[in-house]
Amino acid sequence: MPDALLIPASLHWLAPGEPVPPHIADWLGEIGSMTRRFEQHCREVTVQPVREGFVPRAALRPEEADALPDSPRYWLREIVLLGDGVPWLLGRTLIPEETLTGPDRALVDLGTVPLGRYLFGGAALTRDYIHFGLANEGAGGEACWVRRSRLRLSGKPLLLTELFLAEAPVYGAPQPTHQEGR
Ligand SMILES: C=C(O[C@@H]1C=C(C(=O)O)C=C[C@H]1O)C(=O)O
């Protein structure tokens, strides 16, 4: 599994009040579907699963285990999301087995369907928090912004980490915050 397609374990999570550029905060603070937002910046968003399968609690990173209840096993989904074939985002989702009940069992069969299509397709989704972070700081390459959300489907938790790759529109020129000439 090429590590370049996996979100690194060593991430710097920002403390409350640490400065975030406004344009970045606008993107990372998105409470709607990131898939839908990306679709406004390309013709087609596609998802390539990199790894999917059940893992034990021991496979969770410490801060992931802190964010999720004990469970016999968790569904792990790691993906690359592309805009018009350009990698824009790495996604890592962990779903406790107890969340996979009723229709939500469909979460293990998503394959190339973007997770957001499922999550934002119903009315049962809530978001506990969004944390902002940085990956690969000072490693010679540009740092990438990361966000981690704990989401709930009918109150049942799942954890989603999204790393925004260098080509993502997140880093594009700031969008005008007002209509010029009005
Ligand atoms: C959660 C969403 O789905 C996107 C797609 C993902 C996937 O298919 O695993 C993961 C992260 C998201 O960027 C969303 O659209 O907000």
Side-chain angles (χ1 to χ4, degrees), residues 1-9 11 13 23-55 59-61 63-64 67-68 73-97 99-100 103-135 144-172:
M1 186 70 55
D3 285 351
L5 295 180
L6 299 176
I7 295 178
L11 301 170
W13 296 107
H23 179 58
I24 298 292
D26 178 59
W27 272 94
L28 269 62
E30 175 61 56
I31 59 172
S33 168
M34 190 57 70
T35 303
R36 284 196 198 130
R37 182 154 182 178
F38 276 156
E39 285 172 334
Q40 297 166 28
H41 294 265
C42 64
R43 287 182 304 280
E44 183 185 28
V45 168
T46 53
V47 165
Q48 291 175 3
V50 173
R51 180 168 63 165
E52 288 189 296
F54 281 107
V55 297
L60 274 54
R61 296 160 178 175
E63 75 275 8
E64 294 173 332
L68 289 173
R73 58 183 189 164
Y74 302 76
W75 180 255
L76 169 63
R77 170 181 168 87
E78 293 181 305
I79 58 98
V80 182
L81 182 148
L82 305 95
D84 293 343
V86 178
W88 281 359
L89 177 143
L90 302 180
R92 175 179 166 96
T93 304
L94 281 162
I95 309 173
E97 189 168 39
T99 295
L100 299 169
D104 297 335
R105 287 196 297 262
L107 284 164
V108 304
D109 297 319
L110 285 177
T112 58
V113 174
L115 174 65
R117 296 256 197 284
Y118 183 86
L119 295 180
F120 291 88
L125 181 72
T126 56
R127 199 183 297 248
D128 289 351
Y129 55 69
I130 305 177
H131 293 162
F132 293 177
L134 283 162
C144 291
W145 285 92
V146 184
R147 72 175 189 169
R148 172 167 288 149
S149 304
R150 186 166 65 201
L151 302 163
R152 292 183 185 274
L153 279 170
S154 307
K156 302 175 294 178
L158 63 137
L159 193 66
L160 169 60
T161 306
E162 297 162 293
L163 183 149
F164 296 84
L165 296 167
E167 301 295 321
V170 182
Y171 306 104

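Numbering of ligands and ligand atoms starts at 1, following listing order. Index from 1, following the sequence.
- Classification of the His23-Trp27 ring pair by plane angle, with boundaries at 30° and 60°, yields perpendicular.
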Distances for all N or O pairs of ligand 1 and the protein under 3.5 Å?
residue, atom, partner, partner atom, Å
ligand 1, 3 (O), Gly116, N, 2.9
ligand 1, 8 (O), Arg77, NH2, 2.9
ligand 1, 8 (O), Leu115, N, 2.8
ligand 1, 9 (O), Arg77, NE, 2.8
ligand 1, 13 (O), Glu162, OE2, 2.7
ligand 1, 15 (O), Ser33, OG, 2.7
ligand 1, 15 (O), Met34, N, 3.3
ligand 1, 15 (O), Thr35, N, 2.8
ligand 1, 15 (O), Thr35, OG1, 2.6
ligand 1, 16 (O), Met34, N, 2.8

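- How far OG1 of Thr161 is from CD1 of Ile7: 5.5 Å, rounded to the nearest 0.5 Å.
- The structure places CG of Leu160 at 7.0 Å from CZ of Arg127, a figure rounded to the nearest 0.5 Å.
- Arg152 is linked by a salt bridge (Lys or Arg N to Asp or Glu O under 4.0 Å) to Asp128, counting only residues two or more places apart in sequence or in another chain.
- Within 6.0 Å of CD in Glu97 there are more than 12 heavy atoms belonging to other residues, nucleotides or ligands.
- For Arg150 (side chain) and Ala67 (main-chain N/O), a donor-acceptor pair under 3.5 Å exists by modelled atom type.
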